[in-house]
> 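Sending over a structure as structure tokens; questions will come in a sec.
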Amino acid sequence: MSDLSGLYQELILDHSRRRVGDGELADPHASHHELNPTCGDEITLAIRLDESGSTIERIGWTGDGCSISMASASALTELATGAEVEQVRRLVDAFRTMMRSKGAGEADEELLGDAVAFHGVSKYVMRVKCAMLAWVALEACVASATARDA
Amino acid sequence: MSDLSGLYQELILDHSRRRVGDGELADPHASHHELNPTCGDEITLAIRLDESGSTIERIGWTGDGCSISMASASALTELATGAEVEQVRRLVDAFRTMMRSKGAGEADEELLGDAVAFHGVSKYVMRVKCAMLAWVALEACVASATARDA
Amino acid sequence: MTLDPTATLGGRLPATLRDQFPYLAQELNGHPLAYLDSAATAQRPTAVLDAERAYLERSNAAVHRGASTLVGTSTGAFEEARATVAAFVGAGDREIVWTENATDAINLVALGMADASAGLGGSEADVFALRPGDEIVVTEAEHHANLIPWQRLAAKTGATLRWIPVGDDGTWGIDDAASVIGDRTRVVAFAHVSNVTGFAAPVADVAEIAHRHGALVVLDACQSVPHRPIDFGALGVDFAAFSAHKMLGPTGIGVLYGREQLLDALPPARTGGSTITTVTMERAEFLPSPHRFEAGTQPVSQAVALGEAVRFLDGLGMGGVHAHEAELAELLVDEVARIPGIRLVGPPPGAPRAALASVDVPGVHAHDVGQFLDAQGIAVRVGHHCAQPLHRRLGLRATTRASAYVYTTADEIRRYGAALAEVRGFFGAGA
Amino acid sequence: MTLDPTATLGGRLPATLRDQFPYLAQELNGHPLAYLDSAATAQRPTAVLDAERAYLERSNAAVHRGASTLVGTSTGAFEEARATVAAFVGAGDREIVWTENATDAINLVALGMADASAGLGGSEADVFALRPGDEIVVTEAEHHANLIPWQRLAAKTGATLRWIPVGDDGTWGIDDAASVIGDRTRVVAFAHVSNVTGFAAPVADVAEIAHRHGALVVLDACQSVPHRPIDFGALGVDFAAFSAHKMLGPTGIGVLYGREQLLDALPPARTGGSTITTVTMERAEFLPSPHRFEAGTQPVSQAVALGEAVRFLDGLGMGGVHAHEAELAELLVDEVARIPGIRLVGPPPGAPRAALASVDVPGVHAHDVGQFLDAQGIAVRVGHHCAQPLHRRLGLRATTRASAYVYTTADEIRRYGAALAEVRGFFGAGA
Ligand SMILES: Cc1ncc(COP(=O)(O)O)c(C=O)c1O
Ligand SMILES: Cc1ncc(COP(=O)(O)O)c(C=O)c1O
Ligand code: FES
Ligand code: FES
């Protein structure tokens, strides 16, 4: 099973069980539904901004999916809650770059924190979409919440 | 060109130019249109029976096609005019058997007369339909003329 | 290629058969590959690869177009393949139409019926014309390929789509069919063998009921033709569809079987070169079957390869293939049934099923199950297997499916069972 | 595989290129084979045969179904082939849809428009919906593949089919097009290069006129993509179709190009697995392009082989290929023009044409001409070349067509000319 340890790191398996943020968010500023057509799994992720509109106050999501997708949503919630919108955009970009790396290079641990555990997933091309699911939904939420603001 | 002499025997080239029977037949007892879908060529062949209804008195045909198909219609007209209906059925069967032989065996010269010249065509699978065209039309004419009789 | 079926089949395949499949000699993630996804697509023996290549290097030319020696050779090979496939399924040569895949074959029937309903086939095609009030019957267990085309036909014609319900195990019986098929039924379309449950439908009985009500019978034979002796004539179906790539043959070619008189009257949904007798700018007249349906350049080398695949299967003997797979099916079910907490979809242990099993591992997503097996060199299929409504009915979103074929060994099935037993532990999903 | 295009092309092909085509090394009726029927179907180089076989022996698995390592590999190869083909014709990856052949690609557009007209695509598909009074425009020179599907679409929707007339040589000009295309025109469908006359249509100009009237442009690119550099974006067409087997690739696969926004809105005429997001018993929701159109198991190894064929052509350089063929075309026309009494169809000597020539030999049926050439090892195509209306317009039933490709030599063309000169004598058809 040693082959799998790069994919299913302890941190991922742990997040997939804890599911931080799992549950519907009341009064969201933006919400987005994302589907993975390969498997039919889906997630609906919502955010609330603080009064200034520049910081993500809360994240909540509901969905069903594999351990990678659930762990990714959970890790994302931990990482992005309380972060500035600009910072979140950088996070999403960095996560996407890491997921496209096919396992090459070093992930930016300073920026991504625990989420670097997903670096190993990038070697499994068929699972990259799993890890991206929540992040794509978050990106769409941020885009629509800030568009509404403007 | 020696390769072609088995296919385009002098007799065939000759018949393709003479076209015995070429022309519409007045007051036919039966007429049949036959199409070769590979090339789009067609023939309409008609027969008149004698008073007894058991002998083919006249054959006439109109059509357009390759030298093999035209020669075959011509040779058939020569062979079958004046023949008994039963004899014509035997002729058609013998011709078909010869055309399916892929060049093997000996054709029944006694029965088929000049039409044995088409034995060589049977080696050219893509041309067998050409040689058969008029014969299939004749067979259909005989069937419908005798059915009407019964 | 003939092998003694008694030596070959019976649970222990001789190395000589495996050796004919270069793909299977590979490693996967450092383990010998156990390819348990033949229900999705099968691998090709060298004989099939060689036959296609020989055709391409020596006999390839336009087919049914022109009259050269080369065209004679290519057309001969192409039509000989048709005759070989026809004989394999109890059909006449004119009853076998090449298509892109089985999906395309089913679509050709449904689209042809839509054309007939729009008056495009003339009065000859009346038997295919649907009107509001008419009913199309499928089952709740169908592959999307045998469901969506009928949904679209219903939408176009105003006919109603109804379905035979399945039980909690995903199977259905003749009584379920009889309660849905009635005098308004015009088509009954169902899978011979389900690609999810492995359940084999009582084809001849359903066909009998359908015909009594004047309905046409369309059989999705994707999971039966590769695995058991089939005679469509004897089964009494009107149309049937299957794919070459599930029976040791190539992708890019499928087969539509249809009774000759029906095929001659069904409007060709796809039109183009080689299907016609006379074309003017205003209209086209079509050839009889099969050529009326074979628009454009056909999958010629693929037909030749499929012919060789059929000869290969005939060499093994389809009776023997079926017996071999029945044994593997039993072993597969035994392996799964002895793992606590795993849910087996389909007929219960002991009941007949095709050599495939879909399972749900509670607490572990199917894609994670598949990934875990994959790391041990075991390739299975995960997902809804193109049968979302069936999975929804079973209360599941996805399952993990293992499927066997002629080259599958008992050892591979046992490796699968051993690995599956470890899944819940690895993911901490409790015993 | 890279060859120096200047060394390779320019009328004299080095033996190294010919050697890569095992088929061409054969004899025909005791003569070295001169294969002059590439416009019907081309032969495959060893690199293409090897690429497909390597895929089948090492990487073959279900594509886009499941998540195993094997599926990752097969899906990667499949989608890489799509990207290769897309780049070859100036398209985005999502603008390339695999089909059975070019005929199927054209049908997908025409059938999708029929679905849209029946309301199946919702308001998004309004741009495709036809009503009585709307007009579909083709030309009188079309291949049946680009004529009959439009006849059927007109019959289903009540739209009127009109056509751009051709002159006595079978060609047409921009003025002919402008006089037929008008405000009622909704679709203009025509061949880039005619498979009978070798005439190349003024694509960009016609597209400009069509778009000015709000019509969609569908290009039959079967005879252009294999032979010249193509950029569909730059040509300004909305849809285009071509076949792999005419460009050194396999049978069983064709390509539909479409602009992304259009493909995303066109209803999928053929439905089934792998095209959907959510399916219930009542209805299905479809994926965006290209997957919404790729129902069922796709021609996967064929896509891989087509990708390799494109790399092979790219290695030669399409500019060089076109220059080589322009030279052969000139030689071909010279050879024919110097034979007394032979009628050359298409552009007059001196005018540009593709490397193909169809001729009528007065007094000798085309099948007899073909047979005579065949006996000398020269393989040509005889018949109406799936263009009956054009032949009728020219007062002919059938013609004899010689066509060239990358591997064709000047010597083969000269052998053809010499043999053609003897035909009338042999059949006694006068000087
Ligand atoms: C101009 C043209 N259009 C369409 C086709 C049809 O192509 P296919 O038979 O590959 O579908 C051909 C070739 O036969 C052609 O030359
Ligand atoms: C039961 C069943 N029907 C239809 C299909 C579709 O076959 P294909 O994808 O070859 O068209 C499959 C295979 O995927 C199947 O298992
Ligand atoms: S398998 Fe569906 S999101 Fe991972
Ligand atoms: S080629 Fe048409 S009948 Fe001979």
Side-chain angles (χ1 to χ4, degrees), chain A residues 1-20 22 33-44 61-75 99 102-103 117-134 136, chain C residues 27-34 37 40 143-144 196 358 360-401 415 418-430:
Chain A
M1 249 76 42
S2 62
D3 306 294
L4 278 182
S5 56
L7 178 62
Y8 295 114
Q9 304 212 0
E10 217 25 80
L11 203 126
I12 292 182
L13 289 179
D14 185 50
H15 262 298
S16 80
R17 285 185 292 260
R18 281 201 292 137
R19 303 201 175 190
V20 181
D22 187 359
H33 171 256
E34 189 68 28
L35 175 114
N36 182 348
T38 326
C39 52
D41 291 330
E42 31 199 349
I43 197 165
T44 304
W61 53 270
T62 54
D64 218 350
C66 64
S67 60
I68 308 285
S69 64
M70 296 295 100
S72 174
S74 173
M99 293 317 298
K102 300 197 171 162
F118 290 86
H119 192 194
V121 178
S122 69
K123 271 191 283 195
Y124 295 79
V125 285
M126 304 305 287
R127 305 306 294 275
V128 166
K129 266 190 198 151
C130 305
M132 284 304 302
L133 207 62
V136 170
Chain C
E27 292 209 328
L28 174 61
N29 293 321
H31 301 268
L33 169 61
D37 197 18
H143 189 283
H144 296 159
V196 178
S358 301
D360 175 50
V361 181
V364 186
H365 189 284
H367 276 61
D368 292 318
V369 176
Q371 198 81 54
F372 181 84
L373 298 170
D374 199 75
Q376 302 190 35
I378 301 161
V380 296
R381 168 83 185 272
V382 294
H384 52 61
H385 317 309
C386 300
Q388 283 187 6
L390 174 62
H391 278 78
R392 205 172 288 118
R393 168 66 182 82
L394 299 175
L396 300 171
R397 180 164 240 151
T399 50
T400 301
R401 182 185 72 190
R415 273 176 63 200
L420 191 65
E422 292 174 41
V423 168
R424 299 186 79 201
F426 179 83
F427 288 101

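Atom set for the values below is all heavy atoms of this structure, side chains included, hydrogens, waters and symmetry mates excluded. The structure presented is a predicted model; accordingly, all values stated were derived computationally and were not measured. Chain letters run A, B, ... following the sequence lines, proteins first and then strands; every chain starts at 1.
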> Taking atom OH of Tyr8(A) and atom CZ of Phe427(C), what is their separation to the nearest 0.5 Å?
4.0 Å
> So which atom in Gly428(C) and which in Arg17(A) form the shortest heavy-atom distance, rounded to 0.1 Å?
CA-NH1, 3.8 Å
> Output the distance between atom OG (Ser67(A)) and atom CZ (Phe426(C)), rounded to the nearest 0.5 Å.
8.5 Å
> For His384(C), is it the side chain, the backbone, both, or neither that has a heavy atom closer than 4.5 Å to a heavy atom of chain A?
side chain
> To the nearest 0.5 angstrom, please state how far the CG atom of Leu7(A) sits from the CD atom of Gln371(C).
5.0 Å
> Write out all pairs satisfying salt bridge (Lys or Arg N to Asp or Glu O under 4.0 Å) with one or both partners inside residues 364-375 of chain C, taking only residues at least two apart or from two chains.
Arg127(A)-Asp368(C)
> Measure distances from His391(C) to the heavy atoms of chain A and classify the residue's part below 4.5 Å as side chain, backbone, both or neither.
neither
> Going from OG on Ser69(A) to NE2 on His365(C), what distance comes out if it is rounded to the nearest 0.5 angstrom?
6.5 Å
